[in-house]
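Everything quoted here is computed from the prediction, not taken from an experiment. Hydrogens, waters and symmetry mates play no part in the numbers below; they use all other heavy atoms, side chains included.
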Amino acid sequence: MTNSPHHRRQGLVPAGLVLLTVVPTAGGAVRIAELFGGAEVTQENARFFAAPAPVLVHIFSATLFCLLGAFQFAPALRRRRNGWHRAAGRVAAPLGLVAALSGLWMSALYPDAPGDGLPVRLLRLGFGSLMAGSIVLGFLAARNRDFRTHRVWMMRGYAIGQGAGTQAFTHLPWLLLVGMPTGNVRAGLMAAGWVINLAVVEWFIRRRRGGVRTGDAVRPAAPVTTPGTMSPR
């Protein structure tokens, strides 16, 4: 039955991921409104006015990557829509790679925002590189028909891509109790968002029957029945 508790629980995962995407998407919409609405140039947003193309590319690609990726975790949709997983993945994976690379560009070349510093910059460069590498490894595994490894790496890439949504929640308690975090505190709160997402993915991977490990030997292709594909800020 499609309305069974099991199916409803399965639907909570993509719904939760869509809601998590809303947080950074709202921030991106505000940024776009600033750039095209003639907002005052401040110390915080001057770098975006000086070079708007990378941030616009990043907002567009990261938003679509996270939204498309959320529905890759909907088994019912994949069963009913033959070819959905493959078609959506062919769009989402390049978008994720563009999001990672544009984030790396901004991390390397934009001036630091007020309150940021070298630790934040290094975290963005590190996790952005991990995101790009995960997507490439997932793509190569799919080309080799190693679908287990493909799923593992794409989920890791997606977890990193959703970091901005989780970081809003890791920042919130400090923001309410102390004020705007800066320096090492901000770096720690940002790192926590990425680490939480990756920890959830690793738990999910190892929870699945048989314990999927990236070092497993390539097995004959089997029907895909588990979720597959799928900001610096």
Item to complete: To the nearest 0.5 angstrom, please state how far the CG atom of Leu64 sits from the CG atom of Leu95.
Response: 5.5 Å
Worksheet item: Any link between Leu101 and Leu140 through a network of hydrophobic side chains (Ile, Leu, Val, Met, Phe, Trp, Tyr) touching at under 4.5 Å?
Response: yes
Worksheet item: Run the side-chain contact (heavy atoms from CB on, under 4.5 Å) check on Arg151 and Ile205 step by step: do they pass?
Response: CA-CA 9 Å; Arg151 289 193 294 270; Ile205 291 168; over 6 Å; no
Fill in: Within 6.0 angstrom of Trp174 CH2, more than 12 heavy atoms from elsewhere
no
Worksheet item: Should Leu172 and Leu177 be counted in the same cluster of Ile, Leu, Val, Met, Phe, Trp and Tyr side chains packed under 4.5 Å apart?
Response: no
Discussion item. Taking the side chain as everything from C-beta on, heavy atoms only, tell me whether Phe48 gets closer than 4.5 Å to Arg31.
Written reply: yes
Worksheet item: What is the distance from atom CD1 of Ile59 to atom OG1 of Thr63, rounded to the nearest 0.5 Å?
Response: 7.0 Å
Item to complete: For residues Trp194 and Gln167, determine if any side-chain heavy atom of one lies less than 4.5 Å from a side-chain heavy atom of the other.
Response: yes
Item to complete: Could you tell me which non-hydrogen atom of Thr21 sits nearest to which non-hydrogen atom of Pro24, and how far apart they are?
Response: O-CD, 3.3 Å
Worksheet item: Between the main-chain N or O of Ala142 and the side-chain N or O of Asp146, is there a donor-acceptor pair closer than 3.5 Å?
Response: no
Fill in: side-chain contact (heavy atoms from CB on, under 4.5 Å) between Leu17 and Cys66, worked out
CA-CA 8 Å; Leu17 292 172; Cys66 289; over 6 Å; no
Response to the item:
Tightest non-hydrogen contact, residues Leu125 and Ser107, listed as CD2-CB, 3.7 Å
Fill in: Joint cluster assignment, Leu67 & Met131, ILVMFWY side-chain distance < 4.5 Å
yes
Worksheet item: Between Thr170 (side chain) and Leu189 (backbone), is there a donor-acceptor pair under 3.5 Å?
Response: yes
Discussion item. Here's a test for you: under side-chain contact (heavy atoms from CB on, under 4.5 Å), which of Asp116, Leu122, Leu118 qualifies with Val120?
Written reply: Asp116
Fill in: Residues Arg47 and Asp112 bridged, charged N to O under 4.0 Å
no
Item to complete: Determine the minimum heavy-atom distance between Gly69 and Phe73, stating which atoms define it.
Response: O-CD1, 3.2 Å
Fill in: Separation of Arg121 CZ from Leu123 CG (nearest 0.5 Å)
12.0 Å
Worksheet item: For Val201 and Phe204, what are the C-alpha separation, side-chain angles and deciding distance, and is it a side-chain contact (heavy atoms from CB on, under 4.5 Å)?
Response: CA-CA 5 Å; Val201 163; Phe204 180 83; 5.5 Å; no
Discussion item. Tell me the closest heavy-atom pair linking Leu68 and Ala88, and the distance in Å.
Written reply: CD1-O, 4.4 Å
Worksheet item: With a 4.5 Å limit on heavy-atom distance, are the side chains of Trp153 and Arg148 in contact?
Response: no
Practice prompt. Give a yes-or-no answer on whether the side chains of Arg143 and His150 include a donor-acceptor pair shorter than 3.5 Å.
Written response: no
Worksheet item: For atom CZ of Phe49, is the number of surrounding heavy atoms from other residues, nucleotides or ligands below 6.0 Å larger than 12?
Response: yes
Practice prompt. Using atom types as modelled and distance alone, determine if a side-chain donor or acceptor of His58 lies under 3.5 Å from a backbone N or O of Ser102.
Written response: no
Item to complete: Test His171 against Arg186 for side-chain contact (heavy atoms from CB on, under 4.5 Å), laying out the working first.
Response: CA-CA 8 Å; His171 279 66; Arg186 174 154 163 76; 3.0 Å; yes
Worksheet item: NE2 of His85 to CZ of Arg90: how many Å apart, nearest 0.5 Å?
Response: 10.5 Å
Item to complete: Evaluate whether atom OH of Tyr110 has more than 12 neighbouring non-hydrogen atoms of other residues, nucleotides or ligands under 6.0 angstrom away.
Response: yes
Response to the item:
With Ile160 as partner, the option from Ile135, Asn197, Leu198 fulfilling side-chain contact (heavy atoms from CB on, under 4.5 Å) is Leu198
Worksheet item: Any link between Val57 and Trp105 through a network of hydrophobic side chains (Ile, Leu, Val, Met, Phe, Trp, Tyr) touching at under 4.5 Å?
Response: no
Item to complete: Determine, using the 4.5 Å side-chain heavy-atom cutoff (strictly less than), whether Met155 and Val91 are members of one ILVMFWY cluster.
Response: yes
Worksheet item: Looking only at heavy atoms, which two atoms of Ala100 and Gly128 are closest? And how far apart?
Response: CB-O, 3.8 Å
Worksheet item: Looking only at heavy atoms, which two atoms of Ala70 and Tyr158 are closest? And how far apart?
Response: N-OH, 3.3 Å
Practice prompt. Please round to the nearest 0.5 Å and tell me the distance separating atom CG of Leu104 and atom CZ of Arg124.
Written response: 11.5 Å
Worksheet item: Rounded to the nearest 0.5 Å, what separation is found between the CG atom of Leu35 and the CG atom of Asn45?
Response: 7.5 Å
Worksheet item: Can you check whether Phe71 reaches Val13 side chain to side chain, under 4.5 Å on heavy atoms?
Response: no
Worksheet item: Would you say the side chain of Leu20 lies within less than 4.5 Å of the side chain of Phe169, judging by non-hydrogen atoms?
Response: yes
